[in-house]
Amino acid sequence: MSLVDEVNNRRTFAIISHPDAGKTTLTEKLLLYGGAIHLAGSVKARKTTKHAVSDWMEIEKQRGISVTSSVLQFDYEGHHINILDTPGHQDFSEDTYRTLMAADSAVMLIDVAKGVEAQTKKLFRVCRERGIPIFTFVNKIDHFGRNPFELMDELEQILGIHAYPMNWPIGINGSYQGIYDRTNASIELFEKDTSHGQHKLASTKGAADDPVFKTLLEDDVHQSLIDDIELLDEAGDTLDMEKIKNGQLTPMFFGSAMTNFGVKPFLEKFLEMAPKPQPRTCQEGIIEPTADQFTSFVFKIQANMNPQHHDRIVFMRICSGTFERGMSVTHRQSGKILRLMQPQQFLATERTIIDDAYPGDIIGVFDNGTMGVGDTLYSGKKKVTFKDFPTFPPELFARIRAKDSMKRKQFLKGMTQLAQEGAVQIYENLGSMESYIVGAVGQLQFEVLEYRLKHEYGVDLEMNTLPFTVARWIQTNGHDYKDLKNIDSAMLAKDHKQRVVLLIANEWQTNWIIERNPDFTFCTTPDELTLDPQEE
Ligand code: G4P
């Protein structure tokens, strides 16, 4: 197959949702339809297999949540699909945001009874900033839920996006019997399923005005469907692919991941409409996915996936060209030539070694500490530098040290590796020797740090929360940071790239300090610094 065909076949997307909306269930069902698994782990079986699908780490199993983002791959009718699993937990980390950088589109999963929830909002915002197409799947329509028109209105009011329903649930107040497909004006009724969606469902298909449906549906259900569709056709948005591409209009699907209602129609329509790998912007210009040159960027690093081996796996998204096992590439940031041996792809917890991979694919390679998140790798001579990943300012801070001072070496090693992985941000207090501060976007990151340092590095942590909520990177503009005034209540520190950062109690204090230091620039993230010491 040619590179153009490989690119055309690929779909790389992330599923974003609030916890419990059904992301694990939907992912499982997509894998089921793709033939990657044969029995979805519903009902009882699910209790034992649930975590086998996308959770890797022990802490995830214990808490029953997904902490790390994982990647799942499967084929469906000629398409090669990469699903990036973003953790939906309230206390999520930068990892989630970074994963979205590797996706070409997103599926926003919404619980029909709950509508748009807090976490959905946050993740939606990141997708919107990236300008990627967002597809909506309204889940759990087997349950009593909200009126579909009300949900459309909520998307518009809360997220500011118009929805175009691709299909419409048939039934009133949660007693759904199937789906009306608006693109080909046909009805699909699902047979009662006694296996709780463990197997694929049988269905009856036909045009909406097919007399058979009049006999199958009760009069008021049939009439309500006809009225709803009329209203949508007359008053709703038109299906504008350009608006969808720019993330201004979201195609909306209804279904139930648990009972398989509407999962297959969704998957098929999604694959038809979702974008193939798109051109990417780098500092040197635009990279077309079909270019000969191999380019990729690192979006995630995970150390100790296998605690016995202390391995460190770097996940990269291929942006252009063909990847071949054992190929030599340039690591842009260090200038080193690296041979990518043993490239891995992931299906659930299984890893397979692959021989080649194409734009849109995610591969994992072993690394001994050379690569960092956001780094670029490329083949050939032409330099390529993908832009730095956005850094998200931490809002929680704690001072940490090893309980046992004899474990100092392991403590430093563990912290450095976890900071490189992007699990947390580490700062060193400029005011006192060897005093380390950890910054996080959510409380869970602290717990993960504590757990991982103990289990992977054998270090018990002592952690004291600090009263700061704001970090500002200081651009000195030729001055000395020691001349900063009125910062007694704040703490001066440096980040892992030796950039000076001020930790401050709250926004009010921040503004107060900024006003008193007009010679300095206070940046919300290090990306805003114009004098980056890393720059050539
Ligand atoms: P998450 O990954 O987004 O957190 O959600 P997950 O798939 O774990 O689903 C959360 C709960 O919602 C699960 O129930 C799951 O069975 C249920 N669920 C998912 N999709 C549907 C659906 O289409 N309809 C209905 N009615 N429920 C759905 P649980 O009781 O927490 O877990 P379990 O006992 O089913 O494993």
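All ligand and atom numbering here is 1-based and tracks the order in the structure.
- More than 12 heavy atoms of other shown residues, nucleotides or ligands fall within 6.0 angstrom of atom CD in Glu156.
- Near Ser256, the atoms of ligand 1 lying under 4.0 angstrom from a non-hydrogen atom of the residue are 22 (C), 23 (O), 24 (N).
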Open item on the list: Apply ring pair (Phe, Tyr, Trp, His ring centres under 6.0 Å) to residues Phe13 and Phe270 and explain how you reach the verdict.
Closed with: CA-CA 10 Å; Phe13 64 96; Phe270 170 76; 4.6 Å; yes

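- Applying the 4.0 Å criterion to heavy atoms of Asp20 picks out, from ligand 1, the atoms 1 (P), 3 (O), 4 (O), 5 (O), 10 (C), 12 (O).
- Of the N and O atoms on the side chains of Asp75 and His80, at least one donor lies less than 3.5 Å from an acceptor on the other residue.
- Comparing Lys29, Glu28, His143, Lys140 against atom 18 (N) of ligand 1, the shortest heavy-atom distance belongs to Lys140.
- By the criterion of a heavy-atom distance under 4.0 Å, both the backbone and the side chain of Thr25 are placed next to ligand 1.
- Interface of Lys23 with ligand 1, defined as ligand atoms under 4.0 Å from a residue heavy atom, comprises 1 (P), 2 (O), 3 (O), 5 (O), 7 (O).
- For the pair Arg130 (side chain) and Val126 (backbone), a donor-acceptor distance under 3.5 Å is absent.
- Between the side chain of Asn147 and the backbone N or O of Phe149, at least one donor-acceptor pair lies under 3.5 Å.
- With a 4.5 Å cut-off on side-chain heavy atoms, Ile16 and Cys127 count as touching.
- Considering backbone and side-chain atoms alike, Thr259 places every N or O at 3.5 Å or more from each N or O of ligand 1.
- Residue-to-ligand polar distances place Ala257 within reach of ligand 1: an N/O pair is separated by less than 3.5 Å.
- The backbone and the side chain of Met258 each have at least one atom closer than 4.0 Å to an atom of ligand 1 (non-hydrogen atoms only).
- For the pair Ile141 and ligand 1, the shortest N or O to N or O distance does not fall below 3.5 Å.
- Ring geometry, Tyr451 versus His455: the interplanar angle falls under 30°, so the pair is classed parallel (tilted spans 30 to 60°).
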